[in-house]
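Input: a single structure, listed below in C-alpha cells.
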There are 2 protein chains.
Amino acid sequence: MTNYIDLLKNSNLKATIQRTSILQAIDQAGHINIDEIYDHVKELYPTLSLATIYKNIILMQQNGVIIEVPMNGEKSKYELKKEDHIHLICQSCGTIQDSKITPNRQKALKIENFQIKYSQINLYGLCLSCQQS
Amino acid sequence: MTNYIDLLKNSNLKATIQRTSILQAIDQAGHINIDEIYDHVKELYPTLSLATIYKNIILMQQNGVIIEVPMNGEKSKYELKKEDHIHLICQSCGTIQDSKITPNRQKALKIENFQIKYSQINLYGLCLSCQQS
DNA sequence: GTCCATGCAAACGATTTGCATGCGT
DNA sequence: ACGCATGCAAATCGTTTGCATGGAC
C-alpha cells in the first residue's frame with residue numbers, strides 16, 4: 001500500500017510520525033473528517049494533539065497531498081489526492097463511494113466560455129443496499 | 001420578481017419582515033454567505049440581528065426555501081431553491097454562474113446501483129473575462 | 001547543529017442558546 | 001389573544017495562534 005513517507009518527502013514535507021499517522025487514517029477511511037482523524041490517530045499516538053492535525057491538514061492541502069471534500073451541513077471530509085472523481089453520498093447510511101469521471105462525462109460537462117480547472121461533484125441519494133431496505 | 005411573502009407562506013413559515021429581507025438579499029445576490037446577508041439586510045433593518053439570520057437560514061433550509069452551497073475553504077453560500085444546476089466558480093474573480101443540467105448531462109451522470117436524489121456540482125476555473133486578462 | 005514540527009494553553013471567531021419582549025396570524 | 005419570531009447577551013464549539021521543547025534531516 002502507499003508509502004506515506006515518500007508521499008510526504010515528494011511533496012517537500014518532513015516525514016514525521018504524526019503526519020504518516022494522519023495520512024494512514026485518511027487512507028484507511030477513504031473519506032474522513034478532522035474529529036474522526038483525531039479519534040483514529042489517538043489510538044496509535046495518544047499524545048498527538050488536535051492542533052497538530054489542524055496545522056497539518058492545512059499544510060498537506062497546500063502541498064497537494066490531500067484534498068478537502070466539503071459536505072452539506074456537516075464538517076468537511078478529507079481524502080488522499082487522486083484523479084478528479086465523483087462522490088456518491090448515501091443519505092441513509094452515510095457511506096461515500098467514488099466513481100470515475102469517464103470521457104463521456106467529461107465531455108458532457110464541458111462548458112462554453114469557462115475553462116475548468118477542477119471539478120467537485122457530489123451526488124446525494126441512496127446506495128444499493130439502502131435502496132433494498 | 002419573486003413574491004417572498006407567498007414563498008414563505010407556501011412553506012408554512014410566517015412572513016416576517018426579517019425573513020423577506022433575508023430572501024431579498026439572497027435573491028439579489030444569487031449566491032451569498034451569512035455575513036454578506038447581514039451587511040445587506042442591516043441597511044434596510046438595522047436592528048436585525050445575526051442570531052436571527054442564523055436561525056432563519058437553518059429554518060428555511062429545512063423547509064426547502066433555500067439551499068446551501070458549500071464552498072471550498074470559504075464559508076458556505078446560500079441561494080433560493082430552484083432546479084438542480086451546476087455552479088461555475090471563477091477562481092480569479094470569485095463570481096458564480098449557474099449552468100443548466102441538460103438531459104445529456106443528466107444521462108452522463110447516471111450511475112448503476114445508485115439512486116440520485118440531488119446533485120451538487122461545482123466546477124472551479126476561469127470565467128471568460130478572467131481568461132482574457 | 002539547524003530549523004522546522006509538535007503540544008500545550010490561551011485566544012479568537014463563528015454559531016447556538018435562553019429568555020424576555022414583540023409581532024404575525 | 002395565542003404562539004411563534006426576534007434580539008440581546010451569554011455560552012459554546014471549532015479552529016488558530018504563540019511559544020517553549022523535541023525531532024527530522
Side-chain angles (χ1 to χ4, degrees), chain A residues 3-26 32-63 65-78, chain B residues 3-26 32-63 65-78:
Chain A
N3 181 335
Y4 307 119
I5 296 180
D6 290 350
L7 188 52
L8 288 164
K9 292 194 175 169
N10 291 339
S11 304
N12 301 310
L13 294 173
K14 281 188 188 169
T16 65
I17 196 107
Q18 289 85 345
R19 287 177 181 165
T20 53
S21 307
I22 292 171
L23 287 177
Q24 191 188 49
I26 295 174
I32 189 173
N33 71 28
I34 299 267
D35 298 331
E36 291 161 349
I37 293 172
Y38 186 49
D39 290 343
H40 184 286
V41 159
K42 244 187 338 195
E43 307 212 334
L44 303 173
Y45 296 92
T47 64
L48 195 151
S49 72
L50 249 185
T52 296
I53 296 180
Y54 277 108
K55 285 170 184 165
N56 280 305
I57 288 294
I58 292 169
L59 200 71
M60 291 180 189
Q61 258 184 282
Q62 288 170 342
N63 290 50
V65 180
I66 62 175
I67 62 172
E68 181 184 0
V69 185
M71 303 287 300
N72 236 337
E74 308 164 53
K75 299 177 72 170
S76 289
K77 304 206 175 197
Y78 298 88
Chain B
N3 180 336
Y4 307 119
I5 297 180
D6 290 350
L7 188 52
L8 288 164
K9 291 194 174 167
N10 292 339
S11 304
N12 300 310
L13 294 173
K14 282 189 188 169
T16 65
I17 195 107
Q18 289 86 345
R19 286 176 183 167
T20 54
S21 308
I22 292 170
L23 287 177
Q24 190 187 48
I26 296 174
I32 190 172
N33 71 28
I34 300 267
D35 297 332
E36 291 161 348
I37 294 172
Y38 186 50
D39 290 343
H40 185 287
V41 159
K42 244 188 336 193
E43 306 211 334
L44 304 172
Y45 297 92
T47 64
L48 195 152
S49 72
L50 250 185
T52 297
I53 296 179
Y54 277 109
K55 285 170 184 165
N56 279 306
I57 288 293
I58 293 169
L59 202 70
M60 292 181 187
Q61 258 185 282
Q62 288 169 342
N63 291 50
V65 180
I66 63 175
I67 63 172
E68 181 185 0
V69 185
M71 302 287 299
N72 236 338
E74 307 165 52
K75 298 176 73 169
S76 289
K77 303 205 174 198
Y78 298 89

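Every chain is numbered from 1 and lettered A, B, ... according to where its sequence line falls, protein lines coming before strand lines.
For the pair Leu59(B) CG and dT6(D) C1', the computed distance is 13 Å after rounding to whole Å. Rounded to an integer number of Å, the gap from Asn63(B) CG to dC4(D) P is 14 Å. For Tyr38(B) and dG13(C), the OH to P distance is 16 Å, given to the nearest whole Å. Across the protein-nucleic acid pair, Ile57(B) atom CD1 and dT16(C) atom P stand 11 Å apart, rounded to whole Å. Going from atom CG of Asn12(B) over to atom C1' of dA5(D) covers 16 Å, rounded to whole Å. We find that CD of Gln61(B) is positioned 15 Å from C1' of dT16(C), with the value rounded to whole Å. The distance from atom CD1 of Ile22(B) to atom P of dA5(D) is 12 Å, rounded to the nearest whole Å. Here dG14(D) presents its C1' atom at 11 Å from OH of Tyr78(A), a figure rounded to the nearest Å.
Along DNA chain D, the nucleotide nearest Pro46(B) and the nucleotide nearest Arg19(B) are compared for position; the residue whose nucleotide lies closer to the 5' end is Arg19(B).
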For this session: Indicate for each nucleotide in nucleotides 15-25 of chain D, in 5' to 3' sequence, whether protein heavy atoms under 4.0 Å reach the base (B), only the sugar-phosphate (S), or nothing (-).
Result: SBBB----BSS

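Atom CD1 of Ile5(B) has 12 or fewer neighbouring heavy atoms from other residues, nucleotides or ligands inside a 6.0 Å radius.
The side-chain hydrogen bond (donor to acceptor under 3.5 Å, both in side chains) contacts involving residues 38-51 of chain A comprise Gln28(A)-His40(A), Ser49(A)-Thr52(A), where partners must be two or more places apart or lie in separate chains.
Residues Leu44(A) and Ile17(A) fail the side-chain proximity criterion, which asks for heavy atoms closer than 4.5 Å. In this structure, the side chains of Val41(B) and Gln18(B) stay at 4.5 Å or more apart for every pair of heavy atoms.
When the side-chain nitrogen and oxygen atoms of Thr52(A) are compared with OP1 and OP2 of dG7(C), one or more of them lie within a distance under 4.0 Å. Under 4.0 angstrom from either OP1 or OP2 of dT6(C) there lies at least one side-chain N or O belonging to Asn56(A). Gln18(B) has a side-chain polar atom (N or O) that falls below the 4.0 Å cut-off from OP1 or OP2 of dG7(D).
Side-chain atoms of Ser49(A) lie closest to dC8(C) of the nucleotides dC8(C), dA5(C), dC8(D).
Ser11(B) and Val65(B) make their closest contact through OG-CG2, 3.4 Å (heavy atoms, listed as atom of the first residue, atom of the second, distance).
When atom types are taken as modelled, the side chain of Glu36(B) and the backbone of Asn33(B) share a donor-acceptor pair closer than 3.5 angstrom.
With sequence neighbours excluded, the residues forming a salt bridge (Lys or Arg N to Asp or Glu O under 4.0 Å) with Lys75(A) are Asp35(A), listed by chain and number.
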